[in-house]
Amino acid sequence: MSDWGDGGLDSHGSGGVEALSTFSTEQTDGPEKAEPEPGLYYGSVDEFVREYLRNVYRRRIDGRHRCWAGRWWAHDEAVIRLEALWRSWEHLRHDAPTGMSVWWRDHADHHMAVLMDPDGPFSTATEGEENVCKKGAPLPYVAPPEGMFPDVREEPTAP
């Protein structure tokens, strides 16, 4: 399985592997030859967490050694860190040779360790089915309120 995902993880059918192969990393000689900047693969931090992150970053969450909140969106620090993870993933997915390694090493492992720390932002989310999971299971997830994380791919672009 690729660290970026596999065919069974999300509704896009490839968990990000397809996204890596669809963009060229070649530079062009000027604005008239420049390709349009590729769009986002995931339209919101919620879609990124729901479809990708919780499925590839599987850990036993017991509320004692590691914490995670199914309602991650109710914790300001977590939202900010997860948004940073999503945006860095979107940027680094275009770097086929090293982007995956950089993202895991410099972004995912750092922020996820902070998020899951028993003294971290999820320290109060220690009980209940929505906050724990067994080894190998996707991280717990509870959908946020409707409209909390709109799909930014659907927002109008500036002229």
Side-chain angles (χ1 to χ4, degrees), residues 1-61 65-70 72-73 75-122 133-141 143-144 148-159:
M1 174 175 127
S2 166
D3 285 330
W4 291 98
D6 71 19
L9 291 182
D10 64 30
S11 63
H12 299 290
S14 62
V17 174
E18 179 181 294
L20 287 173
S21 65
T22 59
F23 298 103
S24 170
T25 57
E26 293 180 28
Q27 297 293 321
T28 58
D29 292 343
E32 67 278 358
K33 294 182 182 178
E35 303 228 355
E37 188 157 326
L40 297 172
Y41 192 78
Y42 296 106
S44 70
V45 65
D46 176 53
E47 182 182 7
F48 174 74
V49 169
R50 180 183 68 242
E51 301 294 331
Y52 181 73
L53 186 65
R54 68 183 292 260
N55 291 297
V56 298
Y57 212 96
R58 295 173 182 233
R59 301 291 188 274
R60 179 176 62 98
I61 305 298
H65 299 96
R66 275 191 206 99
C67 297
W68 180 264
W72 56 270
W73 40 265
H75 302 265
D76 291 342
E77 179 184 348
V79 172
I80 294 166
R81 287 181 180 277
L82 292 167
E83 177 95 15
L85 283 177
W86 167 48
R87 295 296 184 159
S88 62
W89 184 92
E90 290 286 356
H91 176 75
L92 289 167
R93 73 184 174 95
H94 300 289
D95 178 2
T98 61
M100 174 176 54
S101 180
V102 170
W103 184 79
W104 280 103
R105 183 196 66 210
D106 294 349
H107 301 278
D109 288 341
H110 170 75
H111 287 295
M112 294 300 283
V114 172
L115 289 168
M116 293 180 168
D117 188 282
D119 292 322
F122 299 141
C133 65
K134 294 182 180 183
K135 185 177 181 179
L139 296 175
Y141 175 83
M148 186 172 193
F149 298 105
D151 190 325
V152 296
R153 297 171 296 194
E154 297 172 2
E155 292 178 359
T157 57

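For the pair Met112 and Leu139, the minimum side-chain heavy-atom distance is below 4.5 Å. Side-chain atoms of Trp73 and Val45, non-hydrogen and from C-beta on, never get closer than 4.5 Å to each other. Side-chain atoms of Pro138 and Arg58, non-hydrogen and from C-beta on, do get closer than 4.5 Å to each other. Using a 4.5 Å heavy-atom cutoff, the side chains of Phe48 and Leu82 are not in contact. Looking at Leu40 and Trp86, their side chains come closer than 4.5 Å, going by heavy atoms from C-beta outward. The side-chain heavy atoms of Pro121 and Leu115, taken from C-beta on, include a pair separated by under 4.5 Å.
Counting only distance, with no hydrogens or angles, the side chain of Asn55 and the backbone of Glu51 share a donor-acceptor pair below 3.5 Å.
Under the 30°/60° scheme for interplanar angles, the aromatic rings of Tyr52 and Tyr42 are found to be tilted. Ring pair Trp89/Tyr41 is tilted by interplanar angle, where 30° to 60° counts as tilted.
A distance of 11.5 Å separates CZ of Arg60 from NZ of Lys134, quoted to the nearest 0.5 Å. Annotation: the span from Glu90 atom CD to Leu92 atom CG amounts to 10.5 Å, rounded to 0.5 Å. Atoms NE2 and CG, from His111 and Leu53 in turn, are 11.5 Å apart once rounded to the nearest 0.5 Å. We find the NZ-CD1 distance between Lys135 and Ile61 to be 12.5 Å, quoted to the nearest 0.5 Å. One distance of note links OH of Tyr141 with CH2 of Trp68; it measures 11.0 Å at 0.5 Å rounding. The distance from atom CG of Asp119 to atom SG of Cys67, rounded to the nearest 0.5 Å, is 8.5 Å.
For His110, there are no side chain to side chain donor-acceptor pair (under 3.5 Å) partners, not counting sequence neighbours. For Trp72, the side chain to side chain donor-acceptor pair (under 3.5 Å) criterion is met by no residue, not counting sequence neighbours. Applying the side chain to side chain donor-acceptor pair (under 3.5 Å) rule to Asp151 yields the partners Arg153; only residues at least two apart in sequence or on another chain are considered. Here Arg105 pairs with nothing under the side chain to side chain donor-acceptor pair (under 3.5 Å) rule; sequence neighbours left out. Applying the ring-ring contact (aromatic ring centres under 6.0 Å, His included) criterion to His75, with sequence neighbours excluded, gives Phe122.
The two residues Pro118 and His65 come nearest to each other via the heavy atoms CG-O, 3.5 Å. Of all heavy-atom pairs between Pro150 and Ser44, the closest is O-CB, 3.7 Å.
Listed by first and then second residue, the salt bridge (charged side-chain N to carboxylate O under 4.0 Å, His left out) pairs involving residues 76-89 are Glu77-Arg81, Glu83-Arg87 (not counting sequence neighbours).
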